[in-house]
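We use all heavy atoms of the structure for the numbers below, so side chains are in, but hydrogens, waters and symmetry mates are not. The structure displayed is predicted, hence computed values, not measured ones.
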Amino acid sequence: MLEIEADHGSIGAAPAAPAEDRAAAALAVARERLSAHRTRVDTDPFTSPIRLMALDLKRAMDHGEIDMSISDAMIGRLSTAAFIGRAEQLSAYLGEVDMSANAASIERLLRQLAEADGDRVGAEEFGRRVSRVLYGFVFTAHPTFSLSNKLQQALVELALARDEAARAPVLHEVERLPHGPEAQLDLAEEFRQSVFAISQVRAALMRVYAIVQAVAEELYPDQWRGIVPRLASVASWVGYDMDGRSDIPWTATLAHRLMIQERQLSAWHEEIRALTRILDGDETLAAALELVEARLVLTAEASRSLIDLLQAARLDDGEWWERLARVSRRSLGKGAGRITGGKELAALVQRVLDKVEDQDAARRLWLLHADMAAHGLGLARTHMRVNAIQLHNAIRKTIGMEHAADDPSYRQSYVEAVARLIDEVQPVSIHLGTISGEKATAKRIFMLVEHMLRLADRDEPIRFLIAECETSFTLLAALYFAKMFGVDEQIDISPLFETRIALTRGVEIIAGALEVPVYRDYIKKRGRLCVQTGFSDAGRFLGQTAACYLIEQIRLELPPLLVKHGLTEVELVIFDTHGESIGRGAHPGGFRDRLAYYDTAESRRRFRDAGITVREESSYQGSDGYQYFLTEETAFAVVTRVLEHCLEPVETAPDPFYAERVYVGEFFASIEQFNAEVIQNRDYAALLGAWGTNMLWQTGSRPAKRQYDGASGRVSLDHPSQLRAIPHNSILQQLGMLANTIGGVGRAIAKDPETFHRLYGESPRFRRMLGMVEHAFKWTDLEVVKAYIDLYDPSTWLARAQSHDEDARIEELRELAGVFEQMRLHERLVRIHRVFLRDYMDLARALKEHRRRTRDAGAVPIVVDLEARDNIHLLHALRLALMQRLDVLAVHVPDFSDRHNFSRSSLIARLTQLDVEPVIEILRDIFPMTEPRIQPYDFGVAATYRSEENQSYGQEHALLFDPILRLYGQIRRIGSAVVHHLGAVG
């Protein structure tokens, strides 16, 4: 039993001590016990320190030494410590955050742009260089909203705090706040957070433009007004991502686009009013600005009217449709007066700028014009996303498509059929009513694109992203619909290569489309070829490092393809969708490594040598991504890191990684093979489904749908593809095994250790890729995984029953053993654990050997620091203890009649899998809390009888259902603390 001493007594000796003090004492003793348990491993390899620690904590809970208030306080202390570590990671990740230092770095880079071979370039050339978009920030609503708004702000404030005085009030807030997401986490909240982050990036870019202006005015005093900088773009798909979502109506999608416009127009309106006051002495210029202001007001009012109607959509209400039609006519009719394109607005401001004499006013007008010219009539550009299957379904009947698009027996005939359609198609006209009547998702989205262009900004192109694009046919189908709805000149079709097939065939897919003249002509006319690569799904199916290798192969194969088709004058846009965790492709080394991890020096050299202009884009996913932009300091720091990466000279030294083609190819093929085997292993699906994502709060608006397998209560997960990438990775994080990053690396190394060690020492590219593996290795603990798995071991529960003397305890433990015997999960989970353990042992041996070889060079062990290790081990042990208490309570669920659609055994099984809230809701319905109402009439006699069928089950609620919910709340709080250690969800 865990003895918690206070003045040399147990916890029972000082019952009046505050819970915080008792929690501190409990944690101090627990750390000592944990250290002692670890020493036992040296003499007893069958010992599990985590399991022993969990057992100690469980016994202390059973004996009342750790009650709910103490365990709450223990979780709070451990969570705060993990949160502090997370803030320190964030601070290191951002690099320099001092505003003046980052401004100086930007100025240095701009002055380098103004030079060539030691001489200053002309104003026109400088203007051309700064007008290029080098990088795009893309904001998505991936479900990583694991922190409340206040906690997000506290995290960044703590990362920026430089002394204890500044940290103290923040830490007090961190200790006080519950560690979890916002209570109301819907698309509206995600949109609100994304708008704030986007606004901060835009503000940071305006700081950059101000530096451009100052440098240009100094170097080109007579020509600076004609320079229009861009350098970076901002885009969003929050509200526009339809891949796998059916819960966002078309009215909401269109409303989000108009809201993005309205917010930007409002900001510009305020700036123009201020400038009008400054130019009050020049009536002509002031009048010109007042005209711009009036046009802005008309445009904003038209958007607001449509937004209000779309947000109050009642698609079955004729009166609502009549109002919508009236507003649509007013917005689109001749003489409406609204601004229809960003170029028109920028031109109006440019006319005033050309004539203004006041230098201060000219500088402000220049910045306003730069902002408008760079981004059009919106706070962010638009990225729509659909799935390839949605396009296939939309065109299937039109071409008589009865087989898969990539079926070798039909593939070419389908391509030719859709190519003919593209040649022959005539644009159709549509209105808002047409959108509502269309059932095919892909067609409806193209209709939305058409209306976004018509109602918001006809000049700003829309990116059309296609998930799971595995064939050229899909790109041609998208072009067909783009031409049908008249948007082919304003839409950039972009395949997403993320599945195993797509990453293997990526360049082949693009090449196939370019072989079709009509598609090649479309690319030439657009002047842009867009490609999207993804790390999330790719990482879980191929392994994170193998996915990175294949993504780079696509980049390296694109230059010769574009040269072959005479497309070197076309801008190449590569959008790398990765998240903020290593499980989704974010390098842990910092922003410099993050950018160089996918935008490699080798690929940059090859694009440069082929004369190809490249724009890089990457995504910032959910609040884990938005955290970088919560303050002006951090937002400007990120923009500075991005421009440093894009504008610093490319590394020219050859990397041996690219010379070792055979070894490197087989190394990553081995990793891919391992992960392919694991993905097809039904035992792995069982591991992912054992608790699912139930250890975590819901972190996004996407509905979490689960199915159950009859009476067993087991989560029905037959294949990992049934999970999306973020929940998949989140489960691994919570179990202490970052398998999608380290899986297969040990096997790959074991094939040829000597070559591995040599390349690891000589190749910067290889070391950067292995940096992901080293980080994942640090946070992977197979002993922790095994401790969770053994919760399902019937033998363990029977052994514990055997050690008890109380009949009641014996019976509940034996019943639990029976529940787990029936579920038959343990043997499956142990088998998959052994698969990972063998591979982990090979990796551990290789990394240890590499550190031994490089010890003289200052290499340090790849381990988590001791304090963080103790913290996360105690979190796992505490959660294991809480889960065991919950399991024991679960077998006390009373039996109930078979008139209900559930069996007692199935509900108990679901509780052991932490599917708590739905089960408790069911139990509360079966065992209601309130007495039935008796008819309040005088029947002439008094009734003292109460039917057993109608009794209140207050005792079950108080002693069973409510405690289970409280335990589950603590379990999920621990999930948040585990995320703090790893720095991001999934």
Side-chain angles (χ1 to χ4, degrees), residues 4 6 11 14 16-31 34 57 60-61 66-92 145-183 185 623-624 627 630-631 634 695-697 699 734 864-879 881-882 966-985:
I4 304 170
I11 195 168
E20 278 291 333
D21 294 343
R22 296 165 72 185
L27 286 172
V29 175
R31 286 190 173 90
L34 183 60
L57 290 165
M61 292 173 183
I66 296 179
D67 59 20
M68 292 294 286
S69 65
I70 296 175
S71 56
D72 265 334
M74 292 171 72
I75 293 168
R77 281 178 166 269
L78 293 170
S79 297
T80 298
F83 192 85
I84 293 169
R86 184 173 185 176
E88 291 170 352
Q89 290 177 45
L90 176 60
S91 178
F145 296 84
S146 63
L147 296 179
S148 66
N149 293 310
K150 289 182 178 179
L151 269 179
Q152 290 177 47
Q153 196 65 43
L155 180 69
V156 177
E157 289 176 7
L158 202 57
L160 294 175
R162 292 292 178 260
D163 55 65
E164 288 304 313
R167 291 165 62 88
V170 183
L171 284 173
H172 177 72
E173 184 79 349
V174 170
E175 291 167 355
R176 185 184 65 81
L177 290 169
H179 285 226
E182 288 291 314
L185 191 53
S623 67
D624 280 352
Q627 67 183 353
L630 292 181
T631 68
T634 56
M695 292 182 186
L696 285 164
W697 308 100
T699 58
Q734 291 300 311
V864 177
D865 69 82
L866 293 179
E867 185 177 349
R869 184 182 67 161
D870 282 354
N871 189 303
I872 198 165
H873 278 179
L874 286 172
L875 283 166
H876 284 300
L878 189 53
R879 182 160 61 185
L882 294 169
R966 288 199 296 273
L967 286 168
Y968 184 48
Q970 291 185 327
I971 287 166
R972 289 203 286 189
R973 284 179 60 202
I974 290 173
S976 295
V978 171
V979 170
H980 291 337
H981 277 292
L982 295 163
V985 174

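Here Leu630 contributes atom CG and Thr634 contributes atom OG1; the two are 6.0 Å apart, rounded to the nearest 0.5 Å. Remark: Arg22 CZ to Ser71 OG distance equals 11.0 Å, nearest 0.5 Å.
Partners of Gln89 according to the side chain to side chain contact (heavy atoms under 4.5 Å, CB included) rule, which considers only residues two or more places apart in sequence or in another chain, do not exist here. Under the side chain to side chain contact (heavy atoms under 4.5 Å, CB included) criterion, Ala24 pairs with Arg77, not counting sequence neighbours.
Remark: the backbone N or O of Ala984 is not paired with any side-chain donor or acceptor of Asp624 at under 3.5 angstrom. Side-chain N or O atoms of Ser976 include one that pairs as donor or acceptor with a backbone N or O of His179 at under 3.5 Å.
Contact record, Pro169 with Ala165: CD-O, 3.3 Å, taken as the closest heavy-atom pair. Listed here is the closest heavy atom pair of Gly969 and Trp697: O-CZ2, 4.0 Å. Looking at every heavy atom in both residues, Ala881 comes nearest to Leu57 through CB-CB, 3.9 Å. Heavy atoms only, all atoms of each residue included: Val170 and Ala154 are closest at CG1-O, 3.4 Å. Of all heavy-atom pairs spanning Ala868 and Asp865, the tightest one is N-OD1, 2.9 Å. Considering every non-hydrogen atom in both Ala82 and Asn871, the closest pair reads N-ND2, 4.0 Å.
The stretch residues 150-169 participates, sequence neighbours left out, in these side-chain hydrogen bond (donor to acceptor under 3.5 Å, both in side chains) pairs: Gln152-Gln193.
A donor and an acceptor atom, one from each side chain of Arg879 and Gln734, are located under 3.5 Å apart.
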Yes or no on salt bridge (charged side-chain N to carboxylate O under 4.0 Å, His left out) for Asp72 and Arg966, after CA distance, side-chain angles and deciding distance? CA-CA 10 Å; Asp72 265 334; Arg966 288 199 296 273; over 6 Å; no

